[in-house]
Chemist: 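Following this message is one structure expressed as structure tokens.
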Amino acid sequence: MKKIIYSIVTLSLLVFSCSNDDDAFTQPEPLGAYENGIFVSAEGGPSSISYISNDFSVTENQVYFNVNNENLGVYLQSVGFNNDKAYIVVDAGTITVVNRYTFEKLGTIDTGLTLPRYIAFDGNTAYVSDWADPNDATDDYIAVVDLNSNTVTSTIAVAEGPEQVLVNLDKVFVSHKGGYNTNNIVTVINTVDSTTDTITVQSKPDEMAINNQGHLVVLSGGNEPWTGNETPAAITKINVADNAIVSSFVFGIGQHPGLMSYSDGNTYYILDNAVYGLSDTDTSLPTASLFDITATSAYGMAVKNNLLYVTDAGNFSGNSTLKVYDLSSGSETNSFDVGVIASKVYFN
């Protein structure tokens, strides 16, 4: 789709609306003006990335296709940002590198990857979690990528099902949800010598963040009842200096939150369409929710500037919806049509 540049006068006359066509877009930003907004990645198909300006006045679906006239591929898993570049991780063994402000394609990383999941950065080095053969529990690894040459220079063997990757000082933390199975560890990689250690948490750890106390916060969803082997979910805080567990907040049986975001001293999570906030100083899980959201299938969340962003994947076939809530009042302030199976929200 040819990119259309509107004049300031024309833009001021247009009425904002959200398209129901994933290929369509409203009031597209001039080339190079994606730096002041929100990206929403969608697994697909087709895989896509949507852009929404910070003031919510401009929205554009299929940003990558619009700029580069090509599709991203099947199953967009995640996006990582490093300096002026964005790295788009696709399950089919490819990471596409673009300028994060123009979204022009700069290159690809397509050798040495099999089924990549997430990416994190340490200077000119990236660490990518990879399931390899998802039916083989013994071949999972972390790919070490030289960002100067966009090549995989080495791999580090890890346990089954590595997911989120987080770099903190001289350590890389990897949550192991378990892939097609279930796992219950966080791997710690020393970036100096590539040695590894593991921390045992509750089943299916996934989302991670570093809180204001310098602790690693990990959300483990636990095994759901339908598995026939239900295990409790938990939010675990880990001392990043010695890898010791500081505290573990265990949920009751039947409670399995799957989404978490950290902001300004609070860990937010969604449980049964209710939003909860756990402060850094709390000694137990909150007993009351902050407010409820309206979503058929809450599939992604992020928090920034007292706003909660939630992707609703609906029936996992048509376009998703990005909903914005005011954390103070709990009111829904905005809603946007985004790609199919939208799962991640990023701030640019």
Chemist: Does some side-chain heavy atom of Ile49 sit less than 4.5 Å from a side-chain heavy atom of Leu72?
Modeler: yes
Chemist: Quick check, are the ring centers of Phe103 and Phe39 under 6.0 angstrom apart?
Modeler: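 Between Phe103 and Phe39, the centre distance is under 6.0 Å.
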Chemist: Between the side chains of Ser279 and Asp282, does any donor sit under 3.5 Å from an acceptor?
Modeler: yes
Chemist: Below 4.5 Å, heavy atoms only, C-beta onward: do Leu322 and Tyr309 meet side chain to side chain?
Modeler: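 Leu322 reaches Tyr309 side chain to side chain.
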Chemist: Dump the intermediate steps for side chain to side chain contact (heavy atoms under 4.5 Å, CB included) on Thr200 and Asn184, then the final yes or no.
Modeler: CA-CA 6 Å; Thr200 301; Asn184 66 339; 3.7 Å; yes
Chemist: Is there a side chain to side chain donor-acceptor pair (under 3.5 Å) between Tyr34 and Glu60 once you walk through the steps?
Modeler: CA-CA 10 Å; Tyr34 292 121; Glu60 177 181 345; 3.1 Å; yes
Chemist: Stepwise, does the side chain to side chain contact (heavy atoms under 4.5 Å, CB included) test hold for Leu166 with Leu216?
Modeler: CA-CA 9 Å; Leu166 189 154; Leu216 178 71; 4.2 Å; yes
Chemist: Got a donor-acceptor contact below 3.5 angstrom from the His176 side chain to the Ala159 backbone?
Modeler: yes
Chemist: Should we count CZ of Phe291 as having more than 12 external heavy atoms under 6.0 Å?
Modeler: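 Count over threshold, so yes.
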Chemist: Of all the heavy-atom pairs spanning Ser41 and Val79, show the shortest one and how long it is.
Modeler: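 Where Ser41 meets Val79 most closely, the heavy atoms are CB-CG2, 4.2 Å.
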Chemist: Do Arg117 side-chain atoms and Gln77 backbone N/O form a donor-acceptor pair below 3.5 Å?
Modeler: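 No.
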Chemist: In Å and rounded to the nearest 0.5 Å, what is the CG to CD1 distance from Leu278 to Ile235?
Modeler: 5.5 Å
Chemist: Stepwise, does the side chain to side chain donor-acceptor pair (under 3.5 Å) test hold for Tyr262 with Asp280?
Modeler: CA-CA 10 Å; Tyr262 183 84; Asp280 287 347; 2.6 Å; yes
Chemist: Quick one: do Asn71 and Tyr64 satisfy side chain to side chain contact (heavy atoms under 4.5 Å, CB included)? Show the steps, please.
Modeler: CA-CA 7 Å; Asn71 289 313; Tyr64 179 83; over 6 Å; no
Chemist: Between Asn183 and Gly161, is there a donor-acceptor pair closer than 3.5 Å when you use the side chain of the first and the backbone of the second?
Modeler: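 Absent.
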Chemist: Using 0.5 Å steps for rounding, measure from the CG atom of Asp197 to the CZ atom of Phe173.
Modeler: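 One finds 10.0 Å between CG of Asp197 and CZ of Phe173.
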Chemist: Is there a donor-acceptor contact under 3.5 Å from the side chain of Ser297 to the main chain of Gly314?
Modeler: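 Side chain of Ser297 to backbone of Gly314: a pair is present.
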Chemist: Measuring from Leu308:CG to Met301:CE, what's the distance to the nearest 0.5 Å?
Modeler: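 Leu308 CG to Met301 CE: 5.0 Å, rounded to 0.5 Å.
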Chemist: Please report the interatomic distance OH(Tyr51) to CG(Asn36), rounded to the nearest 0.5 Å.
Modeler: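 It comes to 6.0 Å.
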Chemist: Do the side chains of Val303 and Val310 join up, straight or via other hydrophobic residues, at under 4.5 Å, putting them in one cluster?
Modeler: yes
Chemist: Using 0.5 Å steps for rounding, measure from the OG atom of Ser220 to the NZ atom of Lys177.
Modeler: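 Those atoms lie 10.5 Å apart.
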Chemist: Would you say the side chains of Asn306 and Ser328 form a donor-acceptor pair under 3.5 Å?
Modeler: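 A pair is found: one side chain offers a donor N or O, the other an acceptor, under 3.5 Å apart.
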Chemist: Under the rule for side-chain contact (heavy atoms from CB on, under 4.5 Å), what residues qualify as partners of Asp136, not counting sequence neighbours?
Modeler: Asp133, Thr138, Asp139
Chemist: With a 3.5 Å cut-off and no angle check, do the side chains of Asn229 and Thr227 form a donor-acceptor pair?
Modeler: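 Not at all, the side chains of Asn229 and Thr227 share no donor-acceptor pair under 3.5 Å.
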Chemist: Report the distance from atom OG1 of Thr294 to atom OH of Tyr325, rounding to the nearest 0.5 Å.
Modeler: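 Rounded to the nearest 0.5 Å, the OG1-OH separation comes out at 3.5 Å.
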Chemist: I'd like to know whether Asn315 forms a side chain to side chain donor-acceptor pair (under 3.5 Å) with Ser317, so could you lay out the CA-CA distance, the side-chain angles of the two residues, the decisive distance to 0.1 Å, and finally the verdict.
Modeler: CA-CA 6 Å; Asn315 60 7; Ser317 60; 2.8 Å; yes
Chemist: Please lay out, stage by stage, how Phe249 and Tyr269 fare under the test ring-ring contact (aromatic ring centres under 6.0 Å, His included).
Modeler: CA-CA 13 Å; Phe249 301 89; Tyr269 60 91; 9.8 Å; no
Chemist: Side chain of Ser335, backbone of Lys323: donor and acceptor closer than 3.5 Å?
Modeler: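 No.
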Chemist: Do Asn61 and Ser50 get their side chains close enough for a donor-acceptor pair, meaning under 3.5 Å?
Modeler: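 Looking only at side-chain atoms, Ser50 and Asn61 do form a donor-acceptor pair, the distance falling under 3.5 Å.
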Chemist: Between Phe251 and His256, is a side chain to side chain contact (heavy atoms under 4.5 Å, CB included) present by the stated rule, with each step listed?
Modeler: CA-CA 8 Å; Phe251 290 84; His256 296 277; over 6 Å; no
Chemist: Do Val218 and Ile210 land in one hydrophobic cluster if side-chain heavy atoms of ILVMFWY residues count as linked below 4.5 Å?
Modeler: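 Yes; Ile210 is reachable from Val218 via cluster members.
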Chemist: Verify side chain to side chain donor-acceptor pair (under 3.5 Å) between Thr191 and Asp170, making sure each step is shown before the conclusion.
Modeler: CA-CA 5 Å; Thr191 60; Asp170 59 354; 5.6 Å; no
Chemist: With distance as the sole test, does Asp130 use its side chain to make a donor-acceptor pair with the main-chain N or O of Leu115 at under 3.5 Å?
Modeler: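 Checking the backbone N and O of Leu115 against the side chain of Asp130, a donor-acceptor pair under 3.5 Å is found.
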Chemist: Quick one: does Thr102's side chain get under 4.5 Å of Val67's, heavy atoms only?
Modeler: no
Chemist: Can you tell if the side chain of Val167 reaches within under 4.5 Å of the side chain of Phe121, non-hydrogen atoms only?
Modeler: no
Chemist: Minimum heavy-atom separation for Thr236 to Ser248, with atom names?
Modeler: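 Nearest heavy atoms, Thr236 then Ser248: OG1-OG, 3.5 Å.
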